[in-house]
2 protein chains.
Amino acid sequence: MALDSPLTMKNKTSNQILEAAATAPAEAERPTLKTIAFMAGLGVTTVSRALKDAPEIGQATKNRVQLIAKQIGYRPNRAGVRLRTGKTNVISLVLNAQSEIMGLTSNMVYGISEILSQTPYHLTVTPYSVENDPMQPIRYIVETGSADGIIMSRTEPNDARVRYLTEHGIPFATHGRTEMGIEHPFHDFDNEAFAYLSVRSLLAKGRRKIAMLAGPSPSVTYSRHLERGFSRGIAEGGAGAVTVSGIEVDTSLSRIRDRMEEIMSGSNRPDGIVCCSGSAAIALVAGIEAAGLKIGEDVDLVSKQSTDVLQWFRPQIIVFNEDVRHAGRELARAVLKRIAGTDPRELQSLSYPDENRRDAL
Amino acid sequence: MALDSPLTMKNKTSNQILEAAATAPAEAERPTLKTIAFMAGLGVTTVSRALKDAPEIGQATKNRVQLIAKQIGYRPNRAGVRLRTGKTNVISLVLNAQSEIMGLTSNMVYGISEILSQTPYHLTVTPYSVENDPMQPIRYIVETGSADGIIMSRTEPNDARVRYLTEHGIPFATHGRTEMGIEHPFHDFDNEAFAYLSVRSLLAKGRRKIAMLAGPSPSVTYSRHLERGFSRGIAEGGAGAVTVSGIEVDTSLSRIRDRMEEIMSGSNRPDGIVCCSGSAAIALVAGIEAAGLKIGEDVDLVSKQSTDVLQWFRPQIIVFNEDVRHAGRELARAVLKRIAGTDPRELQSLSYPDENRRDAL
DNA sequence: TCCCAAATCTGAAACGTTACAGGTAGGCTA
DNA sequence: TAGCCTACCTGTAACGTTTCAGATTTGGGA
């Protein structure tokens with residue numbers, strides 16, 4: 001067998017090509033660079049470069065290689081790429097398994113997938129239970145290098161995960177904002193605007209004693225936004241705020257119902273209520289009605305929702321939509337761009353209740 | 001430098017070890033087998049085997065290696081394993097992005113994750129839109145070898161995906177059954193029992209003209225199960241079945257509501273209704289009430305639900321719970337065992353309405 | 001005629017892992 | 001003593017990709 005024998009250029013048999021021939025795809029094996037190299041009579045290196053349009057490869061060769069690749073349905077082996085380059089082509093969605101606000105998770109997943117489906121990226125989901133440290137999945141992903149980017153929610157004003165990821169230079173985007181002087185990609189629903197508009201619409205209905213079901217806990221940023229918008233609305237309107245103690249949006253639905261019944265049977269009961277979650281709203285209504293009151297007459301209720309269930313539930317509820325699917329799309333776009341090197345400050349976006357409302361249809 | 005010089009056994013410097021020393025972890029690099037090999041003064045091969053308790057490695061060595069590995073927090077590199085063995089350590093959940101029955105997706109995801117979190121497996125989600133061929137994501141996964149196992153839903157009696165995966169020998173588990181003579185792992189909610197029990201509970205309330213909101217389409221298996229259980233209940237009870245035409249469980253909520261209003265305003269209106277989805281039930285109620293009728297008085301409604309919203313919505317609705325999280329756990333366990341080689345027939349399970357009811361609390 | 005640069009292409013090495021085919025030492029049997 | 005078996009460990013190669021450092025050819029300038 002002539003190794004590197006100086007025949008004419010066209011017939012020369014390089015080692016790489018010989019090698020490719022030796023391991024020629026017996027039948028229906030998944031094609032690799034080697035397969036293409038053999039078919040094209042080129043070296044593996046050349047094929048690799050030709051497929052990514054490298055400038056040092058002749059145009060004719062590129063066309064030829066790309067044609068072959070398309071014809072035989074070549075798909076780069078993810079493990080090979082990942083091992084060599086460290087690039088995983090994976091985005092990880094990290095979320096809290098407990099606090100599932102109706103439809104939030106699924107819509108988020110679908111929104112993200114919509115964007116990723118046009119890229120080589122895959123989506124993995126990494127839930128963590130409440131009893132565990134929220135940092136745990138994050139650390140796992142970073143330490144094992146199992147994703148190129150992370151999307152996470154339930155952001156806190158001073159968020160340990162944001163700090164950790166920033167320090168480690170791992171691209172990420174958060175559903176929700178922070179207040180720690182770190183510029184990072186985020187998408188958020190403007191919950192302050194929502195709470196403010198909610199109060200205003202209650203005022204417009206003549207309600208004067210207004211209450212709000214609090215967000216998950218002051219440690220989650222959007223709870224503060226809600227609070228701020230609520231207070232501003234109350235202050236501007238000169239109305240009275242009634243405090244709802246003992247429950248918040250993450251409390252179990254039955255507890256919310258029971259407590260609400262208590263409150264609405266009490267002497268200082270509110271006549272207008274703001275709620276930031278569709279499922280909690282349903283429990284609130286159950287409590288209100290158990291106290292013998294009627295939505296739209298004795299009390300008005302404004303709620304945010306991410307699926308269109310509330311309209312059917314009680315048409316009297318005033319509803320603002322949060323398009324979580326849209327949020328998923330925004331967040332996916334943001335991480336991808338962050339991975340590509342875009343400045344974080346260009347990857348921060350807000351959704352407003354009104355816009356969403358149109359958007360959602 | 002002495003290569004393979006015959007010093008004493010204890011001091012011998014093998015090539016692998018020298019090599020490991022050459023690339024010794026500068027600082028805080030992720031440890032690999034090489035790192036451990038260097039620290040233990042062993043070859044990479046030995047370390048690899050020691051970590052998987054191979055019989056040809058001395059017990060003392062195994063202990064030593066495993067101790068080092070634990071101490072320095074060794075995690076096998078997934079890309080390395082995958083490239084070498086073809087094992088991805090990934091389970092892919094393939095689902096339809098459109099027909100989201102309230103909470104189904106998220107609960108499924110959480111259930112699966114619960115099981116996978118105790119294994120090296122990651123979960124990726126691959127949604128497909130209705131306009132696309134359901135086979136497309138399946139083919140993609142198989143062709144690119146991007147998962148070791150697949151979980152999918154919306155199974156059809158004669159399911160092309162089931163056939164394809166079986167032919168290709170790819171482990172999978174389905175949420176729902178097929179009727180094509182292929183034994184494969186599945187988990188299913190017994191919708192026939194549900195429909196049957198639903199009819200019986202309506203009969204027990206004295207209802208005589210009973211209707212059912214159909215499943216997605218006869219092409220999805222569980223629609224047939226519903227139909228079967230429904231017919232059996234009707235026949236046994238000697239009641240009358242009222243046909244609901246024009247809508248099914250996947251129809252948009254507003255269409256369901258409108259059509260329901262029509263039907264309930266008609267002359268031949270049913271006095272008992274069976275519904276297999278929580279969100280559809282809400283739309284049904286909206287339609288019923290728009291026709292001026294009252295649930296629990298003029299009509300009774302039985303519905304399946306996968307989140308506990310309906311009780312709060314109208315306590316009069318008779319509810320059966322489907323624990324989708326449990327289904328997720330079952331399906332995850334099933335694929336894992338299938339991957340391990342368990343006979344498919346041992347990986348088929350059903351959930352019954354009653355059992356679930358207890359289970360769900 | 002000779003040399004150089006540009007244009008294309010190439011092989012070897014490496015990423016981390018595992019399978020395969022040894023290798024060596026020590027003890028046992030004949 | 002030789003031969004063999006067992007217990008334990010080792011190096012090499014390979015999975016598919018990309019990077020690095022050349023090779024080779026061609027054309028042009030001196």
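What you are looking at is a predicted structure, and each value in this text was computed from that prediction instead of being measured.
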A:F172 ring center near A:H184 ring center (under 6.0 Å) =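 Ring-ring flag for A:F172/A:H184: true, centres closer than 6.0 Å.
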Integer-rounded Å distance: [N] [atom2] and [X] [atom1]:
{"X": "B:I57", "N": "C:dT18", "atom1": "CD1", "atom2": "C1'", "answer": "13 Å"}
{"X": "B:K62", "N": "D:dC8", "atom1": "NZ", "atom2": "C1'", "answer": "11 Å"}
{"X": "A:K87", "N": "C:dA14", "atom1": "NZ", "atom2": "P", "answer": "25 Å"}
{"X": "B:E56", "N": "C:dA21", "atom1": "CD", "atom2": "P", "answer": "14 Å"}

request  = Using the test ring pair (Phe, Tyr, Trp, His ring centres under 6.0 Å), find all partners of A:H187 that sit at least two apart in sequence or belong to another chain.
outcome  =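 Expected list: A:H326.
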ask   = Is there a side-chain contact between B:I170 and B:Y164, using heavy atoms and a 4.5 Å cut-off?
value =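 When only atoms from C-beta onward are counted, B:Y164 and B:I170 do not touch, as no gap falls below 4.5 Å.
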ask   = Which value, rounded to the nearest 0.5 Å, describes the distance between B:H122 atom NE2 and B:S117 atom OG?
value =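 Output value for this atom pair is 11.0 Å.
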query = If we ignore angles and hydrogens, is there a donor and acceptor under 3.5 Å between the side chains of B:T155 and B:T178?
reply =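 No - no donor-acceptor pair under 3.5 Å links their side chains.
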query = So, is B:T46 near the phosphate of D:dC8, with a side-chain N or O under 4.0 Å from OP1 or OP2?
reply =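 B:T46 to D:dC8 OP1/OP2: no side-chain N or O under 4.0 Å.
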inquiry  = Testing B:I339, B:I112, B:T88, B:V90 one by one against B:Y121 for a side chain to side chain contact (heavy atoms under 4.5 Å, CB included), which residue passes?
reply    =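 With B:Y121 as partner, B:I339, B:I112, B:T88, B:V90 yield a single side chain to side chain contact (heavy atoms under 4.5 Å, CB included), made by B:I339.
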Report each atom pair, protein N/O against N/O of nucleotides 16-18 of chain D, whose distance is under 3.5 angstrom.
{"unit_1": "D:dG16", "atom_1": "N2", "unit_2": "A:G80", "atom_2": "O", "d": "3.3"}
{"unit_1": "D:dT17", "atom_1": "OP1", "unit_2": "A:Y74", "atom_2": "OH", "d": "2.4"}
{"unit_1": "D:dT17", "atom_1": "OP1", "unit_2": "A:N77", "atom_2": "N", "d": "3.0"}
{"unit_1": "D:dT17", "atom_1": "OP2", "unit_2": "A:L33", "atom_2": "N", "d": "2.8"}
{"unit_1": "D:dT18", "atom_1": "OP1", "unit_2": "A:K52", "atom_2": "NZ", "d": "2.7"}
{"unit_1": "D:dT18", "atom_1": "OP2", "unit_2": "A:S48", "atom_2": "OG", "d": "2.8"}
{"unit_1": "D:dT18", "atom_1": "OP2", "unit_2": "A:K52", "atom_2": "NZ", "d": "3.4"}
{"unit_1": "D:dT18", "atom_1": "O2", "unit_2": "A:R84", "atom_2": "NH1", "d": "2.1"}

